[in-house]
Amino acid sequence: MATTTQGAVRQTYKDYCATPDDERYELLNGNLMMVPAPNRKHQKVLGRLYIELSRFSQEHELGEVYVAPFDVWLSDTDVVQPDVLFVSRAREHTLTDENVRGAPDLVIEILSPSTADRDLGYKHDLYGRHGVLEYWIVDPMAETVAVHRQRDGRLELAETFRRGDTLRTALLNGLQLKLDDVFAS
């Protein structure tokens, strides 16, 4: 554990590694945060995104796609488990057997009532500071995907896609992700 100048105790990666294996946590700014199990719609959208991105990435030999829980170590006090993440071949040196040691190229978070504030706030800023190239915020209730792109150490909203749209991105050149399929009932 680390102590700040104000005396508050901040958890570290060592503390995070001591958490129970049967519970999901993230470490955000030195605070251990339990991550509750997502609902059924969240899981359906997650599965579809993972299948499509993994298939595309493998076919084009672009890199690896992972699904939570898989740790992304950004600092000794920031360890996250994005819903889906993509690490390109150019960044494959960040992959270890235990985690990703640095920023993935793409991070996808699917909003849940219990995690939306974190995903839209602290984690959005965190991913930008650490060099994530794209951050997709998926809202399963509104059936949208907000694509944020890296610009000068920050993530900025580039486009929002909805049902009926086909998501395309230069990061995964050639990908055509039909959102009607992603959000199908």
Side-chain angles (χ1 to χ4, degrees), residues 1-2 4 8-54 65-87 98-100 103-130 132-149 154-163 167 177 179 181-185:
M1 283 186 260
T4 66
V9 175
R10 292 176 63 195
Q11 306 291 307
T12 65
Y13 183 64
K14 182 179 177 184
D15 302 310
Y16 172 83
C17 288
T19 60
D21 288 340
D22 60 345
E23 295 176 356
R24 279 186 57 202
Y25 287 90
E26 290 185 314
L27 183 63
L28 302 176
N29 197 28
N31 297 302
L32 278 173
M33 311 290 283
M34 185 176 272
V35 181
N39 66 29
R40 183 174 166 202
K41 185 163 187 172
H42 179 287
Q43 290 300 85
K44 283 184 164 187
V45 169
L46 170 73
R48 291 178 185 130
L49 285 169
Y50 172 74
I51 289 168
E52 289 301 316
L53 293 174
S54 186
V65 178
Y66 297 93
V67 66
F70 188 57
D71 290 344
V72 175
W73 183 96
L74 297 171
S75 75
D76 200 41
T77 57
D78 285 298
V79 182
V80 293
Q81 293 183 359
D83 289 309
V84 181
L85 63 101
F86 165 73
V87 178
E98 292 79 32
N99 55 35
V100 180
D105 297 79
L106 169 66
V107 169
I108 302 173
E109 296 285 8
I110 302 169
L111 298 181
S112 295
S114 61
T115 62
D117 288 344
R118 280 183 253 172
D119 294 339
L120 296 168
Y122 185 79
K123 288 169 78 174
H124 180 275
D125 295 341
L126 179 71
Y127 294 144
R129 283 194 319 269
H130 285 277
V132 169
L133 299 178
E134 278 192 10
Y135 178 35
W136 297 2
I137 300 173
V138 179
D139 186 334
M141 300 315 286
E143 299 185 332
T144 60
V145 178
V147 176
H148 298 250
R149 293 197 176 101
R154 297 181 39 224
L155 288 163
E156 294 182 354
L157 179 62
E159 290 181 79
T160 300
F161 297 89
R162 294 171 170 66
R163 241 190 198 276
L167 190 154
L177 188 62
L179 293 194
D181 295 340
V182 170
F183 294 118
S185 298

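Basis for what follows: all heavy atoms, side chains included, without hydrogens, waters or symmetry-related copies.
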Asks: Any side-chain heavy-atom pair from S112 and N39 closer than 4.5 angstrom?
Replies: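 In short, these two side chains do not touch, never coming nearer than 4.5 Å.
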
Asks: In Å and rounded to the nearest 0.5 Å, what is the CG to CD distance from L167 to E52?
Replies: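 Rounded to the nearest 0.5 Å, the CG-CD separation comes out at 11.5 Å.
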
Asks: I'd like to check the ring pair (Phe, Tyr, Trp, His ring centres under 6.0 Å) partners of H130; sequence neighbours left out, ordered by chain and number.
Replies: none

Asks: Which atoms form the tightest heavy-atom contact between S185 and R48, and what is the distance?
Replies: O-NH2, 4.1 Å

Asks: Does any part of the side chain of D117, heavy atoms only, come nearer than 4.5 Å to the side chain of D119, both counted from C-beta?
Replies: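 Counting from C-beta outward, D119 and D117 never come under 4.5 Å.
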
Asks: Give the ring-plane orientation class for Y13 versus W73, where under 30° counts as parallel, over 60° as perpendicular and anything between as tilted.
Replies: perpendicular

Asks: Looking at CG of L120 and CG of L111, how far apart are the two atoms once the value is rounded to the nearest 0.5 Å?
Replies: 5.0 Å

Asks: Distance alone, cut at 3.5 Å: any donor-acceptor contact between the side chains of D78 and Y122?
Replies: yes

Asks: Check whether any side-chain heavy atom of R10 sits under 4.5 Å from a side-chain heavy atom of N29, and report yes or no.
Replies: yes

Asks: Check for a donor-acceptor pair, side chain of K41 on one end and backbone N or O of P140 on the other, with a separation under 3.5 Å.
Replies: yes

Asks: Please find the pair of heavy atoms, one from R24 and one from A68, that lie closest to each other, and give the distance.
Replies: NH2-CB, 3.8 Å

Asks: Are P82 and I108 side-chain neighbours, meaning at least one heavy-atom pair lies under 4.5 Å?
Replies: no

Asks: Counting C-beta onward and ignoring hydrogens, is there a side-chain heavy-atom pair between F161 and V147 closer than 4.5 Å?
Replies: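 Yes, at least one pair of side-chain atoms sits under 4.5 Å.
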
Asks: Quiz question: by atom type and distance under 3.5 Å, do the side chains of Q11 and N31 form a donor-acceptor pair?
Replies: no

Asks: For the residue pair Y127 and Y135, categorise the inter-ring angle as parallel (less than 30°), tilted (30 to 60°) or perpendicular (more than 60°).
Replies: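 If you compare the ring of Y127 with that of Y135, the planes turn out perpendicular.
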
Asks: Sequence neighbours excluded, which residues qualify as side-chain contact (heavy atoms from CB on, under 4.5 Å) partners of V182?
Replies: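 Scan of V182 (side-chain contact (heavy atoms from CB on, under 4.5 Å), adjacent residues dropped) gives V45, L49, L177, L179.
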
Asks: Taking C-beta and beyond as the side chain, do W136 and L106 meet within less than 4.5 Å on heavy atoms?
Replies: yes

Asks: When you check the side-chain N and O atoms of T144 and R162, is any donor under 3.5 Å from an acceptor?
Replies: no

Asks: Determine, stepwise, if the pair Y16 / D71 fulfils side-chain hydrogen bond (donor to acceptor under 3.5 Å, both in side chains).
Replies: CA-CA 11 Å; Y16 172 83; D71 290 344; 2.5 Å; yes

Asks: Does E26 pair with K123 as a salt bridge, N-O distance under 4.0 Å?
Replies: yes

Asks: Given side chains that start at C-beta, do those of H124 and H148 come closer than 4.5 Å, heavy atoms only?
Replies: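 A side-chain contact exists here, since the closest heavy-atom pair is under 4.5 Å.
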
Asks: Who are the side-chain contact (heavy atoms from CB on, under 4.5 Å) partners of E23, not counting sequence neighbours?
Replies: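 Testing E23 for side-chain contact (heavy atoms from CB on, under 4.5 Å), a comparison that skips the adjacent residues, returns P20, Y25, M34.
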
Asks: So L74 and V80, do their side chains get closer than 4.5 Å, heavy atoms only?
Replies: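 Yes. Closest side-chain heavy atoms under 4.5 Å.
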
Asks: Taking the side chain from R118 and the backbone from L28, do they hold a donor-acceptor pair closer than 3.5 Å?
Replies: no

